[in-house]
**Q** 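One structure follows; several queries about it will come next.
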Amino acid sequence: MSAYLGDVAALARKDLRLELRARDTLPAMVLFVVATLVVFHFALPGGASDDAAYGLLWVALVFTALLGLGRSWVPEGESGALDGLVLATSDRSAIWLGKVLATLAFLGAAEIVALPAFALFFAPLDGPALAGVALASVGICAVGSLVSAMAAAARGREVLLPLLFLPLAIPLVVGGVGSSVSPEPATYLAFLGLYDAVFAILSWAAFEYVVTE
Amino acid sequence: MSAYLGDVAALARKDLRLELRARDTLPAMVLFVVATLVVFHFALPGGASDDAAYGLLWVALVFTALLGLGRSWVPEGESGALDGLVLATSDRSAIWLGKVLATLAFLGAAEIVALPAFALFFAPLDGPALAGVALASVGICAVGSLVSAMAAAARGREVLLPLLFLPLAIPLVVGGVGSSVSPEPATYLAFLGLYDAVFAILSWAAFEYVVTE
Amino acid sequence: MSIRNPSLSALAALAVVLGGVSVAMIFFVAPEDADQGLSQKIFYVHVPIALTAYLCFGIGAWKAFRLLLTRGERYDLESYTGIHQGTIFGALTLVTGSIWAKASWGVWWTWSSNQLVLFLVLFLFYCAYFMLRFSVESGPRRERISAVYALFGLALIPVSFFAIRLASDFIHPTVFTREGPQMTDSMFAAFCASWAAITLLAYVMYRTELAGKRTDLNLRELREALVR
Amino acid sequence: MSAPLIRADALEKRYGTRAVLRDVSFGVEPGGVLVVTGPNGSGKTTLLRLLVGLAAPSRGSLEIAVDRRRIGFVGHESLVYRDLTALENLDLYGRLYRVGERRERIGMLLERFGLWEARRLRVSAYSRGMTQRLALCRALLHQPELVVLDEPHSALDTEGAALLDEELTTLAAAGDHTLVVATHEPGRLAALTTGRLALGVA
Amino acid sequence: MSAPLIRADALEKRYGTRAVLRDVSFGVEPGGVLVVTGPNGSGKTTLLRLLVGLAAPSRGSLEIAVDRRRIGFVGHESLVYRDLTALENLDLYGRLYRVGERRERIGMLLERFGLWEARRLRVSAYSRGMTQRLALCRALLHQPELVVLDEPHSALDTEGAALLDEELTTLAAAGDHTLVVATHEPGRLAALTTGRLALGVA
Ligand code: HEM
Ligand SMILES: Nc1ncnc2c1ncn2[C@@H]1O[C@H](COP(=O)(O)OP(=O)(O)OP(=O)(O)O)[C@@H](O)[C@H]1O
Ligand SMILES: Nc1ncnc2c1ncn2[C@@H]1O[C@H](COP(=O)(O)OP(=O)(O)OP(=O)(O)O)[C@@H](O)[C@H]1O
Ligand SMILES: [Mg+2]
Ligand SMILES: [Mg+2]
């Protein structure tokens with residue numbers, strides 16, 4: 001067990017190191033969020049409702065996640081490092097879990113910038129809305145890491161990914177938008193939690209089959 | 001001259017062939033644009049104005065284009081094929097122009113799906129609005145192909161591309177939204193035309209410097 | 001090659017003196033604004049700083065153009081330094097503008113003035129320049145890619161200007177119209193003094209940063225040569 | 001005679017309808033050295049990937065009496081992260097393989113393969129030969145029982161190739177390592193070879 | 001004595017502050033064969049990329065009296081699209097290089113290098129040696145005046161390597177081709193060599 005967690009930690013740390021080597025992920029996220037907000041500003045002229053703004057927030061979050069997930073297995077693909085990991089790990093699901101933690105860290109970093117900025121410029125975010133974001137992020141990274149590994153194993157990684165990912169992400173968006181907008185967010189949050197549990201277990205169990213023949 | 005156009009045609013045809021073979025960019029773009037519209041359909045409650053809807057259309061188009069652009073130089077990177085092209089073309093700008101045509105074809109195809117869907121579910125699109133989309137698409141692909149070639153030379157390209165591209169795309173969003181919404185679209189269309197001309201010439205002239213030392 | 005450059009020190013001293021003079025003029029020569037009172041004094045800093053930012057971006061683009069034309073390696077550092085200074089002054093514009101906005105409009109920032117958003121876009125554009133630069137392996141390739149991007153910035157300025165005009169609505173005031181500056185002579189004099197001081201300051205900062213960067217580079221090469 | 005470490009029986013591998021390996025059978029004793037030869041495209045790489053478990057046979061049986069993680073593999077690709085340094089790569093693999101005294105072992109290997117000076121350079125800045133040396137370090141890091149090498153001499157300079165031969169000789173002499181090597185120069189390993197498998201174009 | 005086709009004078013190439021080539025000078029006559037040798041990491045690949053124009057020297061002068069598009073280059077990477085077939089790749093390059101009688105020339109080269117059977121297979125399904133053969137086809141497609149090869153024998157089987165030697169001999173004998181070859185086996189080309197350049201670790 002602790003050996004398993006050790007593998008997960010080593011793998012996640014490797015991703016953070018790769019990212020911190022470029023040293024500019026967080027500033028890049030900040031810039032990206034601000035640039036997106038500016039695009040929204042020009043797209044959404046004054047009078048639009050708060051609900052539309054929440055919709056935009058969710059589109060932006062999904063797109064950001066997509067961007068991060070598209071990159072997530074690129075280092076593994078470059079010189080066949082994924083093969084190396086498949087040979088070296090005793091339980092391959094550790095590879096998946098490490099990747100989930102790393103992508104979650106990056107998405108979380110982006111959200112730490114994006115959410116206050118959104119609240120400042122567009123519409124307020126209450127507790128349920130934040131809980132919705134947190135739950136949806138877990139689901140996005142759990143499913144996304146599996147699906148992007150499938151895409152990486154196939155040809156043409158980045159873009160096969162959204163094809164696989166978006167249908168799976170639409171329930172998360174519906175749940176997320178619901179938890180920000182609806183007067184009764186509890187149902188939506190419960191739905192998000194259920195989704196996370198089901199798909200995390202499914203992804204965890206399925207990963208082995210994705211990376212081996 | 002005709003030799004130059006022959007190069008451009010050969011290069012663009014190669015991209016279309018790769019896409020037909022792998023089918024990894026276009027379906028993703030189409031799906032993303034449709035999914036975004038669906039999200040907005042849920043997020044925009046009945047009463048929202050048409051203006052907000054046009055804004056959403058433009059957000060959807062810009063991010064869809066970004067998705068395609070992110071993928072655009074991947075085949076060239078895989079086995080150093082870009083080096084091969086740089087050695088083989090007499091005028092390197094042909095490489096850029098070929099890529100512009102190919103990405104324009106993909107974006108156009110995504111729009112052929114997205115625009116009728118938009119007109120059906122949200123708001124009508126008149127002649128100037130369509131002209132605005134066409135002109136903006138040219139600008140997006142012209143600048144986008146150059147900028148994504150820059151990003152391809154860098155580490156962390158998935159994060160970098162939107163950063164490089166969005167500030168340059170904002171005038172296009174302003175012009176595009178204006179041409180759909182304003183009662184006097186002619187100025188906006190002229191502006192879009194001007195943008196296309198300036199940035200296409202600049203990108204055409206600058207491409208050589210991006211791919212050589 | 002030394003940082004202790006006598007003419008640069010003299011210029012720095014001159015900038016300080018000019019700065020003192022302009023502060024004196026701002027507070028004792030220029031009249032107090034009828035509506036805004038003391039907070040209007042920010043005008044004398046805010047506007048020259050903004051103009052200086054544009055100037056620095058312009059210099060960055062010009063050096064970039066020279067680099068592409070001549071392959072002169074040194075223009076890379078010069079272009080980078082110009083843009084770096086431009087970003088510093090751009091950030092200062094945002095800060096002084098925000099302070100003024102808080103004083104006269106009651107908010108730190110507003111999306112309703114497209115003029116402000118334009119400047120923000122430009123600022124973002126140049127932040128992305130640094131991102132680009134730091135993520136490309138150093139070498140001739142990086143020099144050229146950075147230069148091309150810097151040139152795009154120069155084209156973006158007028159294009160966005162025009163875009164902003166199109167999207168209209170002006171909260172942000174205009175002083176310099178076709179009929180010349182809309183202010184009294186004493187205000188204009190104070191403004192010019194401050195403008196000169198800040199431009200000179202920018203120049204001194206530019207030269208200092210450049211000298212520092214070059215010394216750094218030389219040092220590293222020397223160390224490399226010593227190691228082997 | 002001991003039980004074979006590897007036993008392949010009527011192996012077949014097809015991609016779509018194209019058979020790449022057809023009816024391949026062989027066995028390798030523990031401590032043996034199997035040299036696989038064959039022209040370009042004859043399926044050496046395919047066979048080696050079957051052996052290490054990176055691909056599955058389409059038909060036939062393949063039994064390998066070694067724990068999967070006691071195998072060391074050098075393929076056509078280096079299997080390391082291009083944007084990590086040599087040291088960081090080996091440290092990661094050392095953790096995953098739970099190598100004892102990791103630091104010492106890594107230092108020793110880098111020294112032996114002449115990469116110590118370049119240990120803090122990102123692999124993307126390595127020359128082709130340096131990358132190959134690193135791939136060898138990675139494969140030998142955890143002192144594998146079964147060592148599977150796909151054209152290991154390629155890209156190495158004269159000195160590097162000699163170094164590798166020496167290393168392989170030591171491994172073979174120790175007796176508790178089994179080697180499978182695909183190569184276009186079987187002569188280099190003639191002294192060690194205990195078995196040969198010549199593949200033809202299927 | 002004719003004017004040199006390549007003249008390099010005090011060439012230097014650095015990455016950051018790291019000098020990879022230092023003070024390299026040489027000349028190659030038209031029709032000559034320059035063999036570049038040196039241990040792993042000595043800068044052979046770097047030098048060859050300078051020659052073909054894929055990189056620029058940091059200092060020193062390099063003059064090449066051949067039109068850029070009359071150069072044929074084989075590097076460590078294949079420079080072809082992995083998701084196109086061999087035929088499609090060569091057709092694209094044939095168009096860009098404006099090769100006359102493209103179809104015949106391509107067919108002839110594929111035949112010669114033993115790829116005719118696999119011409120409709122995507123390159124991603126090629127074996128390493130097949131990919132190297134395709135890279136050679138691509139480089140020779142437009143009958144270049146200057147042929148620059150970086151370890152061209154690597155990954156080739158015995159028959160492929162012999163084929164390449166033969167090809168190079170023909171090119172050198174024709175007299176209107178100049179060759180620059182980086183290799184770890186200079187012996188293979190001994191009969192053709194007119195000049196040698198041995199790089200050391202800088
Ligand atoms: C965050 C807020 C602000 C930003 C980013 C900003 C930015 C700028 C910039 C870039 C300029 C350069 C010249 C131009 O573009 O026309 C400028 C000029 C100017 N700003 Fe601001 N500003 C801000 C707030 C304010 C406020 C609150 C006031 C006064 C109420 C103000 C008054 C002026 C004036 C009078 C000029 C000179 C206009 C001219 O050139 O005719 N600014 N500002
Ligand atoms: N994904 C694939 N789809 C179709 N054919 C494939 C695929 N992968 C490999 N092949 C074919 O399998 C055959 C054997 O390939 P393999 O890489 O095993 O050869 P090899 O003996 O290692 O050759 P080399 O000496 O060139 O490395 C080749 O003809 C190749 O075209
Ligand atoms: N981008 C880079 N940054 C830093 N160093 C680099 C970079 N590219 C190459 N080098 C260094 O340059 C040196 C020469 O590399 P090069 O690839 O030219 O060697 P080579 O002679 O071709 O070696 P091999 O025989 O292994 O192919 C190596 O030490 C390598 O580490
Ligand atoms: Mg092989
Ligand atoms: Mg080399």
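Letters A, B, ... are given to chains in the order of the sequence lines, protein chains preceding strands, and every chain is numbered from 1.
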**Q** Looking at D:Arg102, I'd like to know if its CZ atom is crowded, meaning that more than 12 non-hydrogen atoms belonging to other residues, nucleotides or ligands lie closer than 6.0 Å.
**A** yes

**Q** Of the listed residues (A:Ser79, A:Ala94, A:Pro75), which shares the most heavy-atom pairs with chain D below a 4.5 Å separation?
**A** A:Ser79

**Q** Can you give me the closest heavy-atom contact between D:Leu92 and A:Leu85, atom names plus distance?
**A** CD2-CD2, 4.4 Å

**Q** For the atom pair CG (A:Leu87) and CZ (D:Arg138), what is the distance rounded to the nearest 0.5 Å?
**A** 7.5 Å

**Q** Might you confirm whether atom CD of D:Glu104 has over 12 heavy atoms from other residues, nucleotides or ligands at distances under 6.0 Å?
**A** yes

**Q** Does D:Arg68 reach the main-chain N or O of A:Val86 with its side chain, forming a donor-acceptor pair under 3.5 Å?
**A** yes

**Q** A:Ala3 versus chain D, heavy atoms under 4.5 Å apart: side chain, backbone, both or neither?
**A** both

**Q** To the nearest 0.5 angstrom, please state how far the CG atom of D:Leu54 sits from the CG atom of A:Leu82.
**A** 9.0 Å

**Q** Using a cut-off of under 4.5 Å on heavy-atom pairs, state which of D:Gly72, D:Ala55, D:Ala135 scores highest against chain A.
**A** D:Ala55

**Q** Can you find a heavy atom in the side chain of A:Lys14 that is under 4.5 Å from one in the side chain of D:Arg95?
**A** no

**Q** Would you mind checking which part of D:Arg49 comes under 4.5 Å of any heavy atom in chain A, side chain (CB onward), backbone (N, CA, C, O), both or neither?
**A** side chain

**Q** Closer than 4.0 angstrom, basic N to acidic O: yes or no for A:Asp7 and D:Arg98?
**A** yes

**Q** Looking only at heavy atoms, what is the nearest atom pair of A:Gly84 and D:Tyr93, with distance?
**A** CA-OH, 3.2 Å

**Q** Taking D:Val80, D:Thr131, D:Asn89 one by one, which has the highest count of heavy-atom pairs under 4.5 Å against chain A?
**A** D:Val80

**Q** Count the heavy atoms belonging to other residues, nucleotides or ligands that lie under 6.0 Å from CD of D:Glu117, then report whether that count exceeds 12.
**A** no

**Q** If you tally heavy-atom pairs under 4.5 Å against chain A, which of D:Phe73, D:Tyr81, D:Tyr97 wins?
**A** D:Tyr81

**Q** Please name the pair of heavy atoms, one in D:Leu79 and one in A:Gly80, separated by the smallest distance, quoted to 0.1 Å.
**A** CD2-O, 3.2 Å

